[in-house]
Amino acid sequence: LRRSDQEVRETAALAFGIAGLERSVKLLRELLLDTKAGGRLLDKESVSDRTRAFAAYSLGMLGTRALRHEVRQEIADLLLPILADHREDSRDLLIATVTALGLLRPEVLKGTDKRLAWQVVDQLWAFYDRDLGKANQVVQAHVPTAVARLLGRGTSSAHQSAKRRLVNELRSKKRRHNTILRSAALTLGQLCVPPEDDPEDEPFAEQLLRVYKDAVDQQTRFFAVIALGRIGGDSNRQRLLGLYHRAQVGTERPWVALALGLVANARAQSSGVDTAVSQLLLADLRDTQNTSARAALAVSLGLTRDASAVPQLLALLQENEREQILAGYLCTSLALIGDVRVAP
């Protein structure tokens, strides 16, 4: 913590959270709040905002690993006032605080931890709704992701309320920073369930499809299609197949391919390889000349976990060994499929 290199100090602060030692909360508190004791830990008069931000990340990681609810409550009590402080103007620290709050969820969520998660979600939405000016919407865009981490995928009243809020954001005619729209699209992919599992989520999938077709910001469009892939299910699979054949090869198709890969990956883990998708991706991987599109197709094919594609992937790797970027993605594809015979 006392090293002159800022990155070393940040890494040292983060290491306390990675180590997961509950007794580190006191030390991290001093860094986060920029107390005199925190300054002495660094052998400085004060703690920089960047080091404070990494102390916040560290507290979030500690909260995930802590065995006792009391530790998570203590960390929430340290972090929430930072969001409530209108004078706090460090984006690094605010983003770190939002992210850290989103990590205050143990592997098994029950009882007092569930109540804490709901309370934190309410506070995060309150921060999200505050008018901080367009420049700070970049900070507020981190809130939906944090909420999704706390809630997980589901259909409770808290889930449905969050989904409706995000859909309204995507429908709004109000001028918003693009990061807000991108965050809304991605987060729907983390919260929604396949429409086959709950028909109430069908309109959310339909909205994501409309965003892909109509949104002005290209990255929001692409994140909407990735969200459909994350949600998965038969109806979204059909939506994505319909988009795939009409997508522009160099720009749109790589994203639709990745979304199809995500759907196929979920299927491979539950009901077996989706050979129709894997064969479609493999055929285009062989025939497409656009390097970035081929890279995305390779990763997407790997996500399908189709072991029958390994011989052709190996052949493509040998043909493109000098094309280092494409070769790297082909290696990633083979690793995702998990056939250890390709290791040599």
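- Classification of Glu45 and Lys36 as a salt-bridged pair fails, no side-chain N sitting under 4.0 Å from a carboxylate O.
- Side-chain contact between Glu74 and Glu70: absent, with no pair of heavy atoms (C-beta onward) separated by less than 4.5 Å.
- The closest donor-acceptor contact from the side chain of Thr220 to the backbone of Val216 lies at 3.5 Å or more, if one exists at all.
- In the model, Ser235 has no side-chain atom that pairs as donor or acceptor with a side-chain atom of Gln238 under 3.5 Å.
- In summary, the side chains of Asp77 and Gln73 do present a donor paired with an acceptor at a separation below 3.5 Å, with no hydrogens or angles considered.
- One distance of note links CG of Leu181 with CD of Gln219; it measures 12.0 Å at 0.5 Å rounding.
- Counted within 6.0 Å of CG on Asp131, heavy atoms from surrounding residues, nucleotides or ligands total 12 or fewer; the atom is thus considered open.
- Remark: Leu150 CG to Leu101 CG distance equals 7.5 Å, nearest 0.5 Å.
- Pairing each heavy atom of Ala264 with each of Val277, the nearest pair is CB-CG1, 4.2 Å.
- Hydrophobic clustering, with ILVMFWY side chains joined whenever heavy atoms are under 4.5 angstrom apart, groups Leu28 together with Leu33.
- Cluster annotation: Trp125 and Leu83 are assigned to the same hydrophobic cluster (Ile/Leu/Val/Met/Phe/Trp/Tyr, side-chain heavy-atom contacts under 4.5 Å, transitive).
- Side-chain contact between Ile95 and Val98 is absent, with no heavy atoms from C-beta onward closer than 4.5 Å.
- A distance-only check finds no donor-acceptor pair linking the side chain of Ser58 to the backbone of Ala55 [under 3.5 Å].
- In this structure Glu196 satisfies the salt bridge (Lys or Arg N to Asp or Glu O under 4.0 Å) test with no other residue, sequence neighbours excluded.
- Under a 3.5 Å cut-off, the side chain of Ser172 and the backbone N or O of Asn168 do not form any donor-acceptor pair.
- No donor-acceptor pair under 3.5 Å is formed between the side chain of Gln190 and the backbone N or O of Ala148.
- For residues 280-290, every residue pair satisfying the side chain to side chain donor-acceptor pair (under 3.5 Å) rule, not counting sequence neighbours, is listed here: Tyr244-Asp284, Arg253-Asp284, Arg286-Gln312, Asn290-Ser292.
- Phe222 and Tyr212 have tilted rings, their planes meeting at an angle from 30° to 60° on a 0 to 90° scale.
- Note that CG of Asp339 and CG of Leu313 are 10.5 Å apart. Values are rounded to the nearest 0.5 Å.
- Heavy atoms from other residues, nucleotides or ligands lying under 6.0 Å from CD1 of Ile18 number more than 12.
- Judged by distance alone, the side chain of Glu10 and the main-chain N or O of Phe54 form no donor-acceptor pair under 3.5 Å.
- Using a distance-only test at 3.5 Å, with no hydrogens or angles considered, no donor-acceptor pair links the side chain of Ser183 to the main chain of Ile180.
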inquiry  = Under the criterion salt bridge (charged side-chain N to carboxylate O under 4.0 Å, His left out), I'd like the reasoning laid out for Asp129 against Arg165: C-alpha separation, chi angles, the key distance, then a yes or no.
reply    = CA-CA 11 Å; Asp129 289 336; Arg165 177 190 285 267; 2.7 Å; yes
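- Side-chain contact between Val143 and Val147: present, with at least one pair of heavy atoms (C-beta onward) separated by less than 4.5 Å.
- Residues meeting the side-chain hydrogen bond (donor to acceptor under 3.5 Å, both in side chains) test with Ser156, sequence neighbours left out: His159.
- Taking CG of Leu240 as the start and CG of Leu260 as the end, the distance is 5.0 Å to the nearest 0.5 Å.
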- [ ] Quick one: do Leu42 and Leu31 satisfy side-chain contact (heavy atoms from CB on, under 4.5 Å)? Show the steps, please.
- [x] CA-CA 9 Å; Leu42 303 174; Leu31 295 176; 4.1 Å; yes
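- The shortest distance between side-chain heavy atoms of Phe16 and Leu59 does not fall below 4.5 Å.
- A salt bridge links Arg221 with Glu252: the closest approach of a Lys/Arg side-chain nitrogen to an acidic carboxylate oxygen falls below 4.0 angstrom.
- Applying the side-chain hydrogen bond (donor to acceptor under 3.5 Å, both in side chains) rule to Arg3 yields no partners; only residues at least two apart in sequence or on another chain are considered.
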Q: With side-chain contact (heavy atoms from CB on, under 4.5 Å) as the test, would you mind laying out the steps for Leu186 and Thr145 before giving the verdict?
A: CA-CA 8 Å; Leu186 277 177; Thr145 306; 5.9 Å; no
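- Looking at Glu319 and Arg294, no side-chain N of the basic residue comes within less than 4.0 Å of a carboxylate O on the acidic one, giving no salt bridge.
- Side-chain atoms of Arg246 come within 3.5 Å of backbone N or O of Gly242 as a donor-acceptor pair.
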Please step through side-chain contact (heavy atoms from CB on, under 4.5 Å) for the pair Leu330 and Leu285, ending with a clear verdict. CA-CA 10 Å; Leu330 287 165; Leu285 177 58; 4.3 Å; yes
With side-chain hydrogen bond (donor to acceptor under 3.5 Å, both in side chains) as the criterion, how do Asn265 and Gln269 come out once you've worked through the C-alpha distance, each side chain's angles and the decisive distance to 0.1 Å? CA-CA 6 Å; Asn265 185 263; Gln269 295 178 52; 2.6 Å; yes
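- For the side chain to side chain donor-acceptor pair (under 3.5 Å) with Thr35, the qualifying choice from Arg29, Glu30, Arg40 is Glu30, the only one to do so.
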- request: Check step by step if side-chain contact (heavy atoms from CB on, under 4.5 Å) holds for Asp306 and Ile337.
  value: CA-CA 6 Å; Asp306 187 353; Ile337 292 172; 5.6 Å; no
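- Side-chain heavy atoms closer than 4.5 Å link hydrophobic residues (I, L, V, M, F, W, Y) into clusters, and following such links, possibly through other members, connects Trp118 to Leu116.
- Formation of a donor-acceptor pair under 3.5 Å by the Arg9 side chain with backbone atoms of Thr51 is not found in this model.
- With respect to the salt-bridge test (charged N to carboxylate O, under 4.0 angstrom), the residues Asp113 and Arg105 do not qualify.
- The nearest pair of heavy atoms linking Val120 to Ala76 is CG2-CB, 4.4 Å.
- In this structure, the side chains of Val47 and Leu32 stay at 4.5 Å or more apart for every pair of heavy atoms.
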**OP:** Could you walk me through whether Glu169 and Arg182 pass the salt bridge (charged side-chain N to carboxylate O under 4.0 Å, His left out) test, one step at a time?
**Re:** CA-CA 10 Å; Glu169 195 73 78; Arg182 295 168 188 174; over 6 Å; no
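- Cluster membership for Val273 and Leu303, using ILVMFWY side-chain heavy atoms within less than 4.5 angstrom, is not shared.
- In this structure, the side chain of Ser300 does not engage the main chain of Gly261 through any donor-acceptor pair within 3.5 Å.
- In the hydrophobic cluster analysis, where Ile, Leu, Val, Met, Phe, Trp and Tyr join through side-chain heavy atoms closer than 4.5 angstrom, Leu94 is grouped together with Leu80.
- To the nearest 0.5 Å, atoms CD (Glu206) and CG (Leu228) are separated by 9.0 Å.
- Under the salt bridge (charged side-chain N to carboxylate O under 4.0 Å, His left out) criterion, no residue pair touches residues 133-156, with sequence neighbours excluded.
- A donor-acceptor contact shorter than 3.5 Å is absent between the side chain of Asp122 and the backbone of Leu124.
- In this structure, the separation between CG on Leu191 and CD on Gln160 is 9.0 Å, given to the nearest 0.5 Å.
- Using a cutoff of 4.0 Å between basic side-chain nitrogens and carboxylate oxygens, Arg237 and Asp234 are not scored as salt-bridged.
- Here the side chains of Ser24 and Leu62 are in contact, with some heavy-atom distance below 4.5 Å.
- Shown here are the side-chain hydrogen bond (donor to acceptor under 3.5 Å, both in side chains) partners of Glu22, two or more places apart in sequence or in another chain: Arg68.
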